**Q** 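Questions regarding the structure given below will be posed in turn.
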Amino acid sequence: MKQIPTTERVFSIFKELNQIPRPSHHEEKVADYLCRFAERLQLEYERDAENCVVIRKPATPGHEEATPIVLLNHMDMVCVGMENPLTYPIEAYVENGWMKARGTSLGADNGIGLSMALAVLEDDSIVHGPLEVITTTNEEDGMSGAANLSKDFLRGRKVINLDSEDYDTITTGAAGACLQFHRIPIQRQPAPGGKRRWYRISFEGGLGGHSGVDINKGRCSAVIAAWALLAAVYNEYDFDVANIRIGEANASIASSAEIIVCVPSGEASEFMKAQEEMMNEWLHEEYGQGDSHMRCTIEKCEKQDTVIPAEAFKALMSCLEQIPQGVVKMSEVMKDTVETSNNVGRILTEEDHILVSTHTRSFIDSDMETLSKEIADVFAESGATSELVMSAPAWQENQQSDFLRLTSDTFNDVLGWRPRMVAMHFVLEAGFFVQHYPGIEIASIGPRIVEPHSTSERVELSTIEDIWQVLIALLSRLA
């Protein structure tokens with residue numbers, strides 16, 4: 001009996017990838033790694049101006065006439081918990097059947113899928129037809145890699161996307177997404193003198209998570225919590241804000257915040273002290289079931305040299321009050337599925353503006369476009385400018401297609417059960433591939449990855465083994 005390849009090489013490749021810094025917009029070193037990988041195996045490859053890489057492997061002898069198959073992944077990751085993502089190493093470890101990282105995101109999204117694809121290229125015992133392994137850039141923060149692919153970069157029209165996080169699912173559709181940056185102009189002013197007290201307001205310990213798949217799980221956004229506290233103070237006393245830093249990534253639910261403010265001494269400072277206890281009580285009551293570790297601390301801090309204008313802070317508070325955050329609408333046709341949502345990922349005070357990022361998602365492209373425009377209009381009314389960073393179309397496959405049926409049959413034959421076929425409230429690059437390559441079919445599968453885009457990200461080891469066996473069998477059947 002022929003021996004089935006193991007996942008040993010998958011894990012060793014993943015370890016190699018995690019030694020290479022790969023935040024979005026900085027994937028050059030990973031692209032270098034992929035090109036060297038192809039050269040070592042003497043395989044044809046291309047690299048485009050966006051650093052996307054496609055590696056082509058001829059069919060297993062005797063299967064040259066089979067339909068070409070594409071394995072799709074992205075090379076960037078959401079870097080959470082890293083002071084400098086360009087140098088910070090990922091220290092992975094295994095605990096109770098799960099792989100995790102110490103204090104940072106793991107990069108299993110999408111490093112595990114990419115490792116599987118590369119392991120297939122390396123192993124000549126795996127039977128397959130003509131094969132293309134394409135790895136895109138900036139999937140997590142704009143999808144510019146997929147959006148700018150040339151029409152001749154890809155030859156195959158049947159795609160196995162290894163970027164799914166639901167092990168028992170074939171993802172057959174994904175929401176569209178619109179990422180916008182809003183900039184409220186500021187001209188910094190000297191910090192006020194006199195009897196003032198300076199405080200650092202911090203929120204820490206939130207679960208955070210993916211702003212699509214986790215948006216309806218009762219997570220506390222540090223944006224919402226910080227707004228509630230600042231609104232309470234703002235309604236009682238005049239105060240100045242020096243710096244705001246909320247959130248970790250545009251595609252994540254904000255799990256932390258730090259705001260530095262100064263208030264008049266006396267009643268105002270006493271009021272600030274009371275806010276910490278009140279806020280923690282509110283967090284417990286509001287999020288105790290879904291995000292019990294989010295905590296607020298308010299402590300005295302050093303005086304700052306400058307503050308932002310009161311008008312700019314008022315504009316920020318007004319915009320955050322008006323735009324929706326979280327679930328906007330549940331689907332009427334897909335049970336228990338979010339149809340439309342909006343998340344504020346980051347708020348940062350820069351030298352001449354306050355940056356606010358919003359990530360709007362919907363399975364209905366027109367609804368996404370309408371809501372995105374409404375959000376931009378709110379900011380425009382406050383004197384802000386809005387930049388469209390990314391707009392990705394929604395995607396939906398025909399669940400009755402022969403390709404998806406074969407994929408489902410392979411799960412059943414290899415693992416003894418059939419996966420669900422569902423559309424997910426995250427954005428995948430599939431929408432761009434459908435636009436670029438007419439007639440393309442896509443099935444998205446992957447191991448169980450929990451809490452992506454957070455320091456709690458983890459992948460279940462047994463599911464990696466299972467998806468690997470499914471992938472090998474599916475490639476053989478397609479050949």
Side-chain angles (χ1 to χ4, degrees), residues 17 20 22-59 64 66-77 110-111 113-114 116-118 120-121 128-163 171 173-174 176-179 251 365 387-397 403 426-444 475 478:
L17 285 173
I20 307 171
R22 56 187 198 280
S24 302
H25 309 284
H26 298 280
E27 302 97 336
E28 298 87 354
K29 292 183 179 179
V30 190
D32 291 343
Y33 170 85
L34 295 174
C35 293
R36 290 194 302 269
F37 196 96
E39 290 168 354
R40 177 173 61 80
L41 298 177
Q42 297 183 321
L43 297 176
E44 173 193 345
Y45 71 91
E46 290 184 56
R47 178 177 182 170
D48 70 9
E50 299 286 333
N51 283 313
C52 297
V53 176
V54 61
I55 305 173
R56 301 185 177 94
K57 184 178 182 180
E64 292 84 359
T67 300
I69 300 300
V70 179
L71 300 183
L72 166 63
N73 294 279
H74 62 86
M75 63 182 81
D76 59 322
M77 63 175 283
N110 180 218
L114 176 54
M116 287 185 183
L118 296 179
V120 169
L121 288 177
H128 55 79
L131 192 64
E132 292 178 292
V133 170
I134 181 170
T135 314
T136 60
T137 53
N138 195 32
E139 191 271 351
E140 300 288 10
D141 194 35
M143 296 195 174
S144 56
N148 290 294
L149 287 173
S150 67
K151 300 296 188 283
D152 59 355
F153 199 68
L154 204 61
R155 300 168 186 169
R157 290 297 182 267
K158 280 188 168 51
V159 178
I160 303 171
N161 179 25
L162 296 169
D163 190 22
T171 302
C178 177
L179 174 63
D365 284 337
E387 174 192 359
L388 177 61
V389 180
M390 177 271 290
S391 181
W395 153 66
Q396 186 70 55
E397 285 290 322
F403 181 41
F426 51 54
V427 61
L428 288 174
E429 300 164 297
F432 286 115
F433 279 79
V434 170
Q435 285 184 343
H436 291 323
Y437 308 109
I440 204 165
E441 296 180 276
I442 304 171
S444 184
L475 288 172
L478 289 166

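Just so it is clear, the values below take in all heavy atoms, side chains as well, and ignore hydrogens, waters and symmetry mates. Just so it is clear, the structure is predicted and the values come from calculations on it, not from any experiment. Counting from 1, the numbers follow the sequence of the chain as shown.
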**Q** With heavy-atom distances below 4.5 Å as the criterion, would you say the side chains of Thr135 and Val30 are in contact?
**A** no
**Q** For residues Glu28 and Asn51, report the shortest heavy-atom separation together with the two atoms involved.
**A**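 Heavy atoms only, the tightest pair is CG-ND2, 3.6 Å.
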**Q** Write down the atom of Pro68, the atom of Gly156, and the distance for their closest heavy-atom approach.
**A** CB-CA, 4.0 Å
**Q** For Glu39 and Tyr45: C-alpha separation, side-chain torsions, deciding distance, then whether side chain to side chain contact (heavy atoms under 4.5 Å, CB included) applies.
**A** CA-CA 8 Å; Glu39 290 168 354; Tyr45 71 91; 2.5 Å; yes
**Q** Ile69 vs His128, test: side chain to side chain contact (heavy atoms under 4.5 Å, CB included). Steps then yes/no.
**A** CA-CA 8 Å; Ile69 300 300; His128 55 79; over 6 Å; no
**Q** Do Thr171 and Asp163 pass the side chain to side chain contact (heavy atoms under 4.5 Å, CB included) test, and can you show the C-alpha distance, the side-chain angles, and the key distance before you say yes or no?
**A** CA-CA 9 Å; Thr171 302; Asp163 190 22; over 6 Å; no
**Q** In terms of side-chain geometry, is the basic nitrogen of Glu441 or Lys158 positioned less than 4.0 Å from the acidic oxygen of its partner?
**A**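 Salt bridge flag = yes for Lys158 with Glu441.
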**Q** So Leu131 and Leu475, do their side chains get closer than 4.5 Å, heavy atoms only?
**A** yes
**Q** Can you check whether Met116 reaches Val133 side chain to side chain, under 4.5 Å on heavy atoms?
**A** no
**Q** Going by heavy atoms in the side chains, are His25 and Asp141 under 4.5 Å from each other?
**A**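 Of all side-chain heavy-atom pairs linking Asp141 with His25, at least one is under 4.5 Å.
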**Q** Going by heavy atoms in the side chains, are Tyr437 and Val159 under 4.5 Å from each other?
**A** no
**Q** Establish, for the pair Arg36 and Tyr33, whether the NZ or CZ atom is under 6.0 angstrom from the six-membered ring centre and no further than 45 degrees off its axis.
**A** no
**Q** Does Glu397 reach the main-chain N or O of Ile442 with its side chain, forming a donor-acceptor pair under 3.5 Å?
**A** yes
**Q** Taking Asp76's backbone N and O only, do any of them form a donor-acceptor pair with Glu139's side chain (distance below 3.5 Å, no angle check)?
**A**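 Not a single qualifying donor-acceptor pair exists.
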**Q** Ring-plane angle category for Phe432 and His436, please: parallel below 30°, perpendicular beyond 60°, tilted otherwise.
**A** parallel
**Q** Report yes if the side chains of Pro58 and Leu43 come closer than 4.5 Å at any heavy-atom pair, otherwise no.
**A**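 When only atoms from C-beta onward are counted, Leu43 and Pro58 do touch, with a gap below 4.5 Å.
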**Q** Working note: Leu41 + Leu121, criterion side chain to side chain contact (heavy atoms under 4.5 Å, CB included); need CA distance, chi angles, decisive distance, verdict.
**A** CA-CA 8 Å; Leu41 298 177; Leu121 288 177; 4.2 Å; yes
**Q** Without swapping roles, check the side chain of Glu132 against the backbone of Leu154 for a donor-acceptor pair under 3.5 Å.
**A** no
**Q** Grab the two heavy atoms, one from Glu50 and one from Ser144, that are nearest each other, plus how far apart they are.
**A**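 Between these two residues, the closest heavy atoms are OE1-OG, 3.7 Å.
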**Q** Check whether any side-chain heavy atom of Phe433 sits under 4.5 Å from a side-chain heavy atom of Ile134, and report yes or no.
**A**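 They are in contact (side-chain heavy atoms under 4.5 Å apart), so the answer is yes.
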